[in-house]
Structure formats: C-alpha cells, structure tokens
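Below is one structure, written out as structure tokens; comments come after it.
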Amino acid sequence: GGESSSSSDGTTVAAADQLKPDADLSKQSLQITVWDGYTPKELPQRVKEKLKVQDMKVALHATNEEAMNKLTAQGDSGVDVAFVSGQYAQALNAQGLLEPIHPELIPNLANLYPEATQLSYDKGNKYSVPYTWGTTGICYRTDLVKSKPTSWNDLLKPPAWAEKKVTMMTTERWLALPALKSLGYSVNTDKDEEITKARELLMAQKPHLLTYDDTTFGDKLVSGEAVMVEAWDGWCPTTDPKGNIAFAVPKEGSDLWVDTMVIMKSSKNKEAAHALINYILDPAIHSWAAENINYKVPNKAAMEKVKIAKGSLLDIPPARLLDGESIIDLGAASTKYTRLSADVQAK
Amino acid sequence: MRRSKLLYVPFWATYVFLYAPIAVLVVMSFNAGESAYTYEGFSLKWYGELAGDDRIMNGVVNTLIVAVGSTVIATVLGTLLAVGLARYTRSKLLDAVSLMPAVLPDLVLAIGLLVFYGMIQLTLGLYSVILAHGVFAMAFVAAVVRTRLSGADTSLEEASRDLGAGPVATFMRITLPQLAPGIVAGALLAFTLSLDEFVIAFFTIGNAEPTLPIVIYSMIRFGVTPKINALAAILLLVSFTAVIAGQRLTKIGESRAQD
Amino acid sequence: MSRSRGRRLGAFVFLTPGLTYLVVLLLVPLALVLSYTVFQRGRFGGVVYEFTAENFERLVDPLYLDVVIGSLKIAAVTTVIALLAGYPTAYLIAQLPRKWKTIALVAIVLPFWTNFIIRVYAWIILLSGPGLVNSGLKVFGIEPLELLYNEGAIVAGLVYSYLPLMVLPLFAAIEKLDPQLREASANLGASGLTTFRKVTLPLTVPGVLTGSLFVFVPSFGNFVIPELLGGSKSLMVGNLIRQQFLSARDWPFGSTLALALIAVLLVLLVAQAWVARRA
Amino acid sequence: MLKIDGVSRTFGDVTALDGVSLEIGQGEFFALLGPSGCGKTTLLRIIAGFETPDAGTVTLDGDDLLSLQPNRRPISLMFQSYALFPHMTVAKNVAYGLERERLPRQEVRQRVGEVLETVGLSAHASRKPAQLSGGQRQRVALARSIVKRPRLLLLDEPLSALDKKVRADMQLELKRLQHEVGITFVVVTHDQEEAMSLADRIAVFDNGQVRQVDEPIALYERPRSPFVADFVGANNLFPGVAGGSGGIESETFGELAGTPLTELEPGTEALLAVRPEKIELADENAARGLAGSVLDVSFYGGVSHVSVDVPGRAKPVLAAVQGAATLSVGAKVKVRWDAGDAVVMAAGQ
Amino acid sequence: MLKIDGVSRTFGDVTALDGVSLEIGQGEFFALLGPSGCGKTTLLRIIAGFETPDAGTVTLDGDDLLSLQPNRRPISLMFQSYALFPHMTVAKNVAYGLERERLPRQEVRQRVGEVLETVGLSAHASRKPAQLSGGQRQRVALARSIVKRPRLLLLDEPLSALDKKVRADMQLELKRLQHEVGITFVVVTHDQEEAMSLADRIAVFDNGQVRQVDEPIALYERPRSPFVADFVGANNLFPGVAGGSGGIESETFGELAGTPLTELEPGTEALLAVRPEKIELADENAARGLAGSVLDVSFYGGVSHVSVDVPGRAKPVLAAVQGAATLSVGAKVKVRWDAGDAVVMAAGQ
Ligand SMILES: Nc1ncnc2c1ncn2[C@@H]1O[C@H](COP(=O)(O)OP(=O)(O)OP(=O)(O)O)[C@@H](O)[C@H]1O
Ligand SMILES: Nc1ncnc2c1ncn2[C@@H]1O[C@H](COP(=O)(O)OP(=O)(O)OP(=O)(O)O)[C@@H](O)[C@H]1O
Ligand SMILES: NCCCCNCCCN
Ligand SMILES: [Mg+2]
Ligand SMILES: [Mg+2]
C-alpha cells in the first residue's frame, strides 16, 4: 500500500499506488461486498470469463452500516471492491482506507453522465465510481390511502387511517431526512438545535409506526400491512402486477443518494478491481441494474439501452435528480446522526 | 401414585405450542403460490428452487465445516479441561472461568471477539467463527464431561494402578472409557449448538461465505418466501432421521453391552 | 516427592490447553470490552483512548435505562411463562414409562435441531397482519389483530425458542427425585398438593434455577427475536448492543451496555448459587 | 385386625407375590422373613397403598384398605431405603407427619424431642440427612414412622445398618413401644436372629409365597419343610427314607435317630435335620455316631464352629460348641445327637 | 515381613491414623478390627500407595514401600467399594491385572477361569458388573485381587455384602488360599465374629490407634483394656477398685469374684468383665450371686439372650444360654459366675 497523508482539502488522504495496466489478471482474484441482489447473480462467472481473473467472490451486506463495520473493524477485510453509499465512501476515504481511482484503467468512465462526475461527496470521482442513484420519498398503496401523500408530514404525523400502518427507515441519515426536510433544514445540517427538533418529531412519530424497516418495506406494502412507507425510489415496488403502488417525492424536497463502488487500499488485486469497475460500467452490464432492480444508473450509454415506461421511476432525468440534496459525510458531526438514530430506536 | 389429570393440560399445550408453528412451516412449504401466508395449492417447486440455491447450499456446507471444526476443538480441549479441573485443582475460580461461556449471552462473547479480532487486526473468515464457537462449545463439553467425572469413582483409577497399570495405561483403559458417554454427549451438544448458532457467527465471519443461519437471517430480512419453509421442512426431516437413527444405534449399543 | 511432581505435570498437561484458549478468546476479549466502557468512541468503530464517563451517563439516561429495565421485564416474563409451562411438562415426562419418556424428551429438543431463525420466522407467518391467525379470525368475521411487532410477540418468540432449555434441567431434577420421597410424604398423611409444596418443589429448586437461568440469559441478551417479531420498535438491550456495534459503530457505549448485561447476570448467578446452596 | 387374603402381584414376568394370605392380630409383633427378592417389600407397599395387587383383598378391622388413598390409611411405613427428605433437618423430617395432622406446634416439638431422645439422636436434631452416617439415618426413618403412633406400623429392614450394640438398644425400644402403645408391628427382615428375637410370630416367605407362619421357637425347632429348616438358622440335613423307629434310613449312613414332626409313612422320602448346637462331638472311639475328621475350627466369640468332614457327605457337618474349641484341625471325631434333637420331615417341599 | 512404623495421617482436623506400628509376618492372616471411621481403610490405602503418611515408614521385607508408585508395589488391594471397571465384563475385570503383567493369553484365560470357579461365578464371566447383585460384585472384586497372587493381599471388608451361607464358603476359600499359596493377608472388618474366625492375629483399632494386637482367643478372653473388652464381643462390665483376692470391690455389689490379667495394686480403679455365656442364671434363692429380674428374653436360634435387670446397675446384665430359654419375663433370678471366667483390668484406658 501507499503512504497516507492528510491533504488540506480533505478529499484524498491516501497516496495512489503504482498500478500496472498490463498486470496479469489471472494471478489476481476478486472479493466484493454488495447489497443482496444488487448485482447479477452470474456476475462472478461472467467476470471470471471476461477478465480471466482467478476467482471472484461476492459477500453481502444488508445496510451501509454493516458494510462499514466489515471494512473498518478488522485488519485486512480481504475486500477489493465495496459497494457503499456516497457519504460512506467519503468517510472511508477520510480514514485513508480507499485507493484513489486510476481513471486510465477505467476507460468506461466515459459512459457516465457528466452530472455523475460532479457529485458533492466526491467531486471528480477521485476515489469512488457511482453505480446507482436516486432519491428518497414516500411509497404508498393507492387503493388504501384516503388521500395521496404529498408531504413528509403525512408520514411523520400519520392520519387516523394510516395509524400503525407506516414504516420508516433506521439508517441514520435516512431516518432523519423526512424530519429535517419537513422542518425545512438541510439533510446535511450539523446544528444541534436543528437535529434536536428533528429528534423530537421522530420520537413523537414512533408510537404511530407499524415498525422500522430498511429492507422489506416493499413487501409490507404489497401485503397491505403498511399503507405508506419511507422508501428509496427503486425499492418502491411500483412494478407490482396489481399496479396499486406509487411513489411520491414530498413537496419539502428530498435527497440525491448515490451508491458507489470503491477500491480498498488494502486490496492486493487493484488492477483486477479497476478492471471489474470498468466491466460494470459497460452499458450491457450496467443496464442490468436499471432493468432488474429498478434503480437508475448514472450511465448514459446504459440508460439509453433500457426501455423506460413513461412516468416510471426510471423516467427521471439526471437534472431532476440533482434537485435533491446530495448527502455528504459530516466528519465528526456524523456521530450526531448515529446517536439520533440510536436514541429514537431506543425509545 | 395417582396424579392429577389437570397436569395433562399444560403438558399437551406445551407440545402443541412447540409443534404447531413447525407444522405450519411444513404445510406452507408445499404452497404453490408465492405468498408465505396464503396457501394456494400443492407444489414442490420451492424444493426445486431450494436445491438450485447456491447460497443456501454453500451455507449448509459452511455450517457443517464450522460445526465439525469447533466440535473437534471443543471436545479435545473440553475433555482435558474437565479432567484437569476435576482431578488436579480445587480452584473455584478456574471452575467459574470454564463454565462462563456457557452462561454468557452470545452477544457479549460475540462483541468481545469482534473487538479482540479487530484489535489484533485479524482477517476474519470461517476459521474465526470456528475459534469463536470453540469457546462456548468447550464450556459445554467440559460441563458435561465433568458431571460424568464427578459421578465417576476415583477408586477405579486406583484399582487400575493397584493391578499394575501405569498412569498412561490407566488413563487410556479406565479413565477414557469411563468418560466416553460424557464425551460423546458433550460433542453432540457442541455440534448441535454450533449448527444453530447465529449471533457469534454473524459478528465474527467477516466477508467469508456465510453459514446457514446467517443466510437464513439475511433472507428473512429481505423478505419471506416459501423457499425458507422448504428448507425448514428438510432440516426437520434430517433431524428426525438423525434422532431415529441415533435411537436405533444406542439401542443396538445397549443390547451389545448386555451380551 | 514424586507423587506431587506427577500431580503438577498432570495439572499442566490437562489444564494448560483449555485454559490458554479461554484466556485468549474469552478473558482477553471480555477485558477489552470492559476497558472500552471508559473510553470515547472512534468514528468508525474502535475507540479513542481518552477517558470519559459519558458512556455511563448515557446508560442511566432514562432512554436507555428503560430499555434495560424493559428487557429485564421481558426476560422475566418469558422465564415465568416458560417455568409455568415447563414444570408440569417436565413433571409428567419424568413419570412416563421409560420408552415414552425418551420419546417425549426428544420431542422437546427436536425443534432445536431445525434452525433457530426459521423457528422464529414461523411466528411471523402465524402472527403477521395477513398471517394465519388473522386469516383464521377473518373466517369468523373478526378484524385482524395487531399480533406482531409488540412485546407480546417477542415474549411468544422467546418462550418458544427457549422452552426446551427450561424443560431439560427441570426434567433432570424431577427425574432424579426418589419417588419414595413422595410416597413417604403420602404415608405420613400429606395430600398431593402438600407433597408438591413441601417435598417435590423444594427438592427441584436447583432445576428451577438452572432452567430459569438458561431461559433468562439468552432472552435478556437476545436481538434477533425482538428485531424480527418486535419490528425493531420494541427494542431490547441486545438490539441496542448490536446497534451500537454494527450500525452506530459506538463500541464504547455498546460495551457499556454489555457491561450492564453482564452485571445483571452476575447478580443472578450469585443469587442462584446462594439459593442452590441453601436448598 | 389386619387381614390379607389371596394377594398376588406380578411385575412383567416376575411374580413378586403369589396368593399370600395372612392374619395379623391387634398389638402383635409380626415378622416377615425370607431371602432377598422374595416379595417382602412388595407386600408392605401393598398394605401402605403404593402398589396395587393384581388380586386379593386387604382389610384392617374389617374395612377395605385398598380403596383408601395412601395418605388416608392409618398406617406408617418405614422405607427400606429410609426415604428421608434431604432438604429438611432431622427434626423437620420427624415432625412432618405430625404437622400434617395439624397438631399444635408445642405438642409437635415435644413429641419430636421425645422420639429423638429415644433413638439417641437429640444431638443431631438440626442436621440434614446427608450429614448423618447410615445407621443414624436409619434411626431417623424409624423415629419418623413411630412418632405418629399409627395403628399399624410397617418396618422394612429397620435395623440392618446398625452395629451390634445400637441394634440391641433399638430392638428393646421397639418391643417397649409395642407393649406400651399397643401398636401392631409388621417387620421385614432377612436376618433370622433378629426375626426370632423380636417377633411374636414369623412368616417365612419364599418366591412370593408364605411357607410357614409360626412362633420363633416352633419355627426353629419344628420347621415344616426343608426350605424353612435350611433357611432359618444353620442346619445339618440328611436325606433318606422314613424308617420305622421315627428316624430315617440313609443310604450311606444307615439308620439315623430322629423324631418325625408329622406322621410319615415308612419308606417315604424324608429329610433329617440336626441343629449345629445339638451335635455332640464325641471321641473317635465312641460307640455311636458318624466318624469324621475336623476340617476347620472357627472361633466366633461365645461359640466355636467346628466343621467335620464325614465321608459320604458332600458338605461337612457343622457343630457349634460353647467357648473356644479345644479340637485341632485333622482330629478324628464322631458326630452324634439325641433322637429328640433331630427333626424328620417329608422331603421335596 | 510387612513392617509399619509410627505411621500417622491427618485429614484437616481429623486424625485418621495416630502413630500406628505393626509387624505382620510372612503368610500370616492378619485382621484389622475397629469401629467405623477408626482409620482402617486409611492404613490399607497407605500400604497400597494411594495415600501418603504424614509421618512413619512402611517396609516390605526391609524394602521401603513408600517410595514406590502404586503400580510397582507387589500388593493387591481389594477396595471396600469394589471399584470394578463398569465397562468391562467380569472376566475382563479379573484378567486386567494379569494382562498388565503381559502374561500369555492362554495363561490369563486359564487363571481367570480357575479363580472364577473358586468364587462361584463361572456362569457370570461375560456379564458386566451392573448386572450382578451386591454379593456377586464383591466376589468379583475378591477374585480380581487374588488372581494376581501378590505377596501381600489387602482386603477391605471383603465379605460384608454376602449372606450367611455364601460368606461361610468364602471364608473357607480365603483360608485355603492362605495355606496353599502362602499369601500374606491383611483383612479389614468391623465384624468381630469374622475377624475372630478368620485371623491368626487381630489388631484392634480405635480412633487411629492400635489398642491391642493378639490372637483371637486371647483377645476375647484376655482383653487388655475396657475398650477392647467392650468392643470385641458382648460383655458385662462392672466398675470398682481392685480387691485383695483378685476380684474387685464394687461400691454397689461389694466383692465380685474375678481374675486379674495383670498385677493390680489393690485399691486402683479397675473393671471386671464377664462374657454373657459365662453368666449363670441361678434360682433366686441361690446362695451366691446378684439378685435381679428378667427384663427380656430373646431367642436367637442356637442361643437365647436373657437381659436381667440388677438393681444398682444402669444396664441390664446380659446372659447367653443354649437353646430356647425357659425363663419368662419378670422371673426373679440370681446372676453369678466363676472367678476364673471374669477378667479384671485397670480402668480408664
Ligand atoms: N417395580 C418393580 N418392577 C419390576 N420388578 C419388581 C419391582 N418391584 C419388585 N420387583 C421384583 O419383585 C420381586 C420381589 O421384590 P421385593 O422388593 O418385594 O423383594 P424383597 O423381598 O423386599 O427383597 P429384599 O430383601 O432384597 O428387599 C423381586 O424379584 C423384584 O426384582
Ligand atoms: N480423604 C479424606 N478426607 C477427609 N477425611 C477423611 C478422608 N479419608 C478418611 N477420612 C476420615 O478419616 C477417618 C478414618 O477413615 P477410614 O476410611 O480409614 O475409616 P475406616 O476405619 O475404614 O471406617 P469404615 O469401617 O467405616 O470403613 C474417618 O474419620 C474419615 O472421615
Ligand atoms: N437491493 C439494493 C439495496 C440498495 C440499498 N441502497 C440503499 C442506498 C441508499 N442510499
Ligand atoms: Mg425389600
Ligand atoms: Mg473403611
């Protein structure tokens, strides 16, 4: 690995390794960690064939926190490429755990939308490459709501017909998001009084919830246990055959989230890691994510290959996405959010 | 003596309570529909899906690797420890230490090991789970073997020495055979506990391919499909078979011993 | 003399391997956890070695203290229910003829051999909004009940998961009881109930204690069942600890919560040893 | 008073009791004597209500006992294995039965104190059973069953763990109880000497059946079957056929003097039994007697046992002589007895 | 041959052995007799090597035994608790010691067969210990220790579980072994009769100390201390001071006839002991004797025990008479004995 050093702008702290573009990939093997179902099942097989790497293993994490834990709580995690959301990539980089991206090894970076290279958590994609992006909103049952949700307050102070039929996410920043936005604050605020206000709102909301749910809120809508849930756009099952599930971005606004790919500094297979990212950015591969997990991908060439139904969740242009406030890592102040999440859940 | 009929109410209630959910699982595993909740006719398709699910199959393999590995460690070390504690020390403290993992909540051991592995910057994997399972499994083996030892008669070993056997011959020919049922029971317990252990494995497996409980945990967190019911039914079938086979074997063993 | 040298060699050969293992993989980790309670959190897990009392302050914050107390309550209720169901069951099993005794006992532990999480999951199928119980109720025209995501569901799951751990030690204690003691009591004029109160119960107290401990400990420290059946809305200490370690990455506070867990258990263990010695 | 009629009980293929009938009178001290496993304990357990007979009736003063729950029967049973409550002190164990009768505490305390005094355990009143020696435990069990002063007291091997001295004391104590309180005793023992020294009457059991019920001296001196003759006390048995003069005709020894217990047809198979203490060891030149040589002399304190090898007999003839015997091993002697001291009975019973 | 010199052993504050010295000769049959807990087993365990004395030496033919590991001592110990290997058959248990000597299998099989024949267990050779009755187990333990034909055989209560008949057979067998094979025996027992009938010499223990070592008849007839007089066999003891004529001067009864064992200064505190079988029960009008009334008559088979309440004595005088006693309770009698049958010894020892 290279030397680590803090630089004044705080963007890159790890020095780049010397990588060989012509390294023999058949001597390298890959370990990635990614959300369940976030990459094609046969990806390892195809990567092995295409890149001629020795082996490729996929570990799964359920949440960003789990991934962070794996990547920081042990020595060499053994992971070469990790999929984490933007602000976590930023935090990992601040720890000096990431290898700077060597653009020369990823020609497919050219496929990205220009907007996707200027995201606030990592301007210029110095240490991360975006994989999917989207926003957070309210996902609901059109047949079970008495009125369409339009405001975060519909979720935070559910009307009687939604009593104990709404869910929220607990992942720290997304737990706070509805409250912060409904109060008119930035999702990236580090002001104690604003966070306290949000906390009160969330505490007051808790008795009216069905449960907290970060992973299966879609199922709960389908089964009818819930009628309104806080959801990421792609995980809102608008494609459900019964066709009675819809997604709305509340009027107070929301975020722009990006799930990224990063290369670990500890990786011993950095050439293969770059080759993998390059392979994923291939339109043929990257479009898989849009088609199968219903998340938009920041890959112009890929999106052009996808058949997009009018008004579907995929039918949001990058420019509109940028209306959302990009979540960035807050450094030491991020612990205020973990604390907030812990406190609200403990109540 | 006569006993009250009233006692049979909680007795049967207990069994119904234990088996009703399991029966539901099994029935639903033959569900033709997609829902885990509503039965829509008979089908074996979930069994087919299960067989095709590499994650589950690999989970089974990994679970067995961990269970066998930790059982071997626990059985060897736990047996030695039990003999040592019973025969060579009177320390209450050592006793308590050896029993501690058995009464320590999984979670505490799990975070302890997480912290410790992190501290020594170990790369986690199946072997770190094996080591971790070894800790509590050893406590159970030691406890079971000790119970056996405390029932055992030291005069047997003395008799052996008296009849001219040295310390090693005595250990091999008298002590070990005496302990054998305890060792087997302890090993079985260790194996069973490891098979089902989730928390410690979850904390100490790192990026390695997960054990079955972890696979199931993440499957359930990402939603429920009748595939899990099929898995439950198969696990149940395997357990029943193992129990019945075990019964048969001990019966044969016993009748041999009678000759 | 040579015999004491033999003893020392024996102690070394038998005790060293196991104890070394336990020191390295149990005592050192626990010591680390305990030491973390006085340090500050690192941002991404781990600690910053600066002393602070903040973790303990936070522990007694009603927000968290209530969770600890709530968990104690849930674990206690679970234990009592398991005891009430387990005692008569164990009692009857112990009276069964030999052949049936084995079968009844195996039937008690058999669910243990399927996966723990699958067993919990069965309760989701039973209790959830569209689940079986509610479907059944619907047939009778009863509105669906909120059976899942509350403390009742957690207790049901815990009792279900750990009932065998109650029955086994109770069985061992009751089975060991000389039936002639009960006969002697009857012979001296005691009714069935008096015999139970004066002879059977006092003599099986150690089994009651062991069983209670075996149920209480994993219930108190559990996080899977509250998460799956309590919907992470009704949290227990286990969830908090897990959350601090895996989500919040606040190891010192997680360690402090774990310390509280250990402290409660130590109190129970000491109490158990005390009662067992007097019994 | 206690009437047992045709009681049978089998366990699987073991017949523990096979049509047992007995009548035991009010205030009687009755002993059940027999080898291990002959059904003695089973009979007591049926009387106490812990075992149900397959057939037969048991009545106490005419009332059917079998239909009563064990705790309603006016009977105390002292268990062969004591069955002391391990979690109670000696005093609590003894008080248990009295407390069930809801007697005033003062009275309970007093009676417990008295009975512990009687069995010599006052000093151990506050110990737990585990802290007592075997003999002391047995005395607690005894105290616990006698303190209730039941109408019928069943004792299963009550003194087997006691050493000679304490045992003698307890025997006296039991007899005193019988006389003073008028309790009816049924005592099980496999120790013939104890049965004989304690009981008014003895029932000899074998294999679930009653072989003979008699007073001790009658049983000893006039056993009605070879089994009883052999089991009760030591005996020297000689097989043969009943002779004309009252004795028997032995194939090897010719005519042997004896007294028949019942009229025997001359020529029927018979057995002659002589007690060791009735055997006289005469000089080898004596006129009468079976010639033999001394095989072994054992000194047993008050008496010595001399085994005499008599050619023609597989087992040596046993003679008991007072004090230390002056004979030495190998000495030639003649073994003889008076016709009145030898009993003749029909064989094969 | 076996020399025990000044051996002591304490457990915590219990002194199990307190300066025990004994010499046991080659081929001797030596018995240790004493009440429960007096240290007998502890002494055997020291000789066998399972306990280390706090002080003292043990030598066998002049060789220090204590420095040898148990398995190197030419000694077999039969454990009081049998210590049979539960996972081995009877035959395997018995063969165990021979196999350790690496004897040819043929020989092992033959010797095991012989010894099982001896103890009457040939039919049970392939059973496990759990399938045997208590008495059968004890015989396996005996067989296992005798099959090795050690130079020294230590037996801890070898016959306690056997019934009268089998016990007598085994006693004969042990004596035969001693004569034929010439093994030295040290046998522990708390049964005086057994000790007396078996042993060449007996050591009486009390409280970790040797009280007397003597031949059986000498021990019985000439006990050197009140403890031995009282412990070995029944005895009637009268306290007083040594008189001029050899007997004693009792406060309550005046002069009592007796024979002093050792010269006693007239006026020293003394005890007179008369065996029950030496007591004569004379008519109440007899000239000589202590007047009393019959308290109890117990028939013990061959003998009857008569307790006579003699005013002035707390304990009744015990007399043994041959056969069934003709006296009835309450009869007035006189108790008397010959001067030569009563032993006088110094008191307070
Ligand atoms: N519960 C039982 N199950 C099977 N067999 C039994 C049971 N109880 C007694 N027996 C058998 O019945 C027979 C009589 O037993 P019982 O206990 O009455 O004998 P016992 O005369 O009291 O003998 P001991 O003198 O050894 O106490 C024995 O063969 C015994 O094995
Ligand atoms: N390991 C031990 N620890 C403590 N005390 C002991 C131990 N072994 C023996 N003792 C005590 O030493 C004394 C002598 O015991 P020992 O076993 O030698 O008696 P014993 O003469 O064989 O008695 P018994 O006839 O009952 O077998 C007893 O008081 C006993 O309690
Ligand atoms: N199955 C994909 C799950 C991805 C979850 N991503 C959440 C990202 C929120 N930033
Ligand atoms: Mg019996
Ligand atoms: Mg002993």
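By convention in this document, chain letters (A, B, ...) are assigned in the order of the sequence lines, proteins followed by strands, and residues within each chain are numbered from 1.
- When each of Ile111(B), Val24(B), Val108(B), Val83(B) is checked for heavy-atom pairs under 4.5 Å with chain C, Ile111(B) comes out on top.
- Neither the backbone nor the side chain of Phe12(C) comes within less than 4.5 Å of any heavy atom in chain B.
- Looking at Ile262(C), the atoms closer than 4.5 Å to chain B (heavy atoms on both sides) all sit in the side chain, from C-beta outward.
- Among the residues in residues 74-81 of chain B, those with a non-hydrogen atom closer than 4.5 angstrom to a non-hydrogen atom of chain C are Leu77(B), Leu80(B), Leu81(B).
- Separating the CD1 atom in Ile216(B) from the CD1 atom in Ile118(C) is a distance of 3.5 Å, to the nearest 0.5 Å.
- The aromatic rings of Tyr160(C) and Phe17(B) sit perpendicular, their planes meeting at an angle over 60°, well past the 30° parallel limit.
- For Ala156(C), the part sitting under 4.5 Å from any heavy atom of chain B is the backbone (N, CA, C, O) and nothing else.
- Only the side chain of Phe198(B) comes within contact range of chain C, judged by heavy atoms closer than 4.5 Å.
- Neither the backbone nor the side chain of Tyr87(C) comes within contact range of chain B, judged by heavy atoms closer than 4.5 Å.
- Inter-residue side-chain proximity for Leu15(C) and Arg87(B) is flagged as unmet; no heavy-atom pair is nearer than 4.5 Å.
- For Tyr39(B), no part lies near chain C; criterion is any non-hydrogen pair under 4.5 Å.
- Here the shortest heavy-atom pairing between Val217(C) and Leu104(B) reads CG1-C, 4.3 Å.
- Residue Phe136(B): no heavy atom, backbone or side chain, is found under 4.5 Å from chain C.
- Looking only at heavy-atom pairs under 4.5 Å with chain C, the residue among Val9(B), Leu114(B), Thr89(B) that has the most is Leu114(B).
- Contact count versus chain C (heavy atoms, under 4.5 Å) is highest, among Ala20(B), Ala142(B), Gly134(B), Ser98(B), for Gly134(B).
- Annotation: maximal heavy-atom pairing with chain B below 4.5 Å, among Leu269(C), Val224(C), Thr16(C), Val120(C), occurs at Val224(C).
- Of all non-hydrogen atoms in Pro29(C) and Gly112(B), the two that sit nearest each other are CB-O, 3.3 Å.
- Proximity to chain B (any heavy atom under 4.5 Å) is shown, for Val159(C), by both the backbone and the side chain.
- The two residues Pro111(C) and Tyr19(B) have their closest heavy-atom pair at CD-OH, 3.4 Å.
- Neither the backbone nor the side chain of Phe191(B) comes within less than 4.5 Å of any heavy atom in chain C.
- Comparing Leu193(B), Val115(B), Leu235(B) by heavy-atom pairs within less than 4.5 Å of chain C, the highest count is held by Val115(B).
- In this structure, no portion of Ala13(B) lies under 4.5 Å from any heavy atom of chain C.
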Show your reasoning for whether ring-ring contact (aromatic ring centres under 6.0 Å, His included) applies to Trp100(C) and Phe11(B). CA-CA 14 Å; Trp100(C) 288 106; Phe11(B) 175 81; over 10 Å; no
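- Screening Thr89(C), Ile108(C), Val109(C) for a side chain to side chain contact (heavy atoms under 4.5 Å, CB included) involving Leu18(B) leaves a single residue, Ile108(C).
- Contact annotation for Leu107(B): only side-chain heavy atoms (C-beta onward) come within less than 4.5 Å of a heavy atom of chain C.
- The two atoms that bring Leu25(C) and Leu113(B) nearest to each other are O-CD2, 3.4 Å, heavy atoms only.
- Residue contact with chain C, scored on non-hydrogen atoms closer than 4.5 Å, is absent for Asp106(B).
- Of the atoms belonging to Ile117(C), heavy atoms from both backbone and side chain fall under 4.5 Å from chain B.
- Residues meeting the side-chain hydrogen bond (donor to acceptor under 3.5 Å, both in side chains) test with Asn229(B), sequence neighbours left out: Tyr121(C).
- Residue with the most contacts toward chain C among Val97(B), Leu94(B), Val135(B): Val135(B) (heavy-atom pairs, distance under 4.5 Å).
- Interface check for chain B: of the options Leu84(C), Thr20(C), Val24(C), the most heavy-atom pairs under 4.5 Å are formed by Val24(C).
- Contact annotation for Leu109(B): only side-chain heavy atoms (C-beta onward) come within less than 4.5 Å of a heavy atom of chain C.
- When side chains are defined from C-beta on, Phe116(C) does not count as touching Pro213(B), because their heavy atoms never get closer than 4.5 Å.
- Between Leu27(C) and Met100(B), the closest side-chain pair of non-hydrogen atoms falls below 4.5 Å.
- Interface residue Leu85(B): backbone and side-chain heavy atoms are both found under 4.5 Å from chain C.
- Distance CG/Leu32(C) to CE/Met119(B): 5.5 Å, rounded to 0.5 Å.
- The two residues Tyr21(C) and Ile130(B) make their nearest non-hydrogen contact at OH-O, 4.1 Å.
- At a 4.5 Å heavy-atom cutoff, the contact between Leu261(C) and chain B is made by side-chain atoms alone.
- Of the possible polar contacts, none joining the Tyr8(B) side chain to the Leu92(C) backbone as a donor-acceptor pair under 3.5 Å is found.
- Neither the backbone nor the side chain of Leu257(C) comes within less than 4.5 Å of any heavy atom in chain B.
- Between Phe245(C) and Phe203(B), the ring planes are perpendicular. Angles over 60° get that label, and only those under 30° would be called parallel.
- Proximity to chain B (any heavy atom under 4.5 Å) is restricted, for Leu126(C), to the side chain, taken from C-beta onward.
- Using a 4.5 Å heavy-atom threshold, the side chains of Phe116(B) and Val33(C) count as separate.
- In plain terms, the two heavy atoms of Gly221(C) and Pro105(B) that are nearest each other are CA-CB, 4.5 Å.
- Only the side chain of Leu265(C) comes within less than 4.5 Å of a heavy atom in chain B; its backbone stays farther off.
- Heavy-atom pairs under 4.5 Å with chain B peak, among Gly254(C), Gly86(C), Ser255(C), Ala107(C), at Ala107(C).
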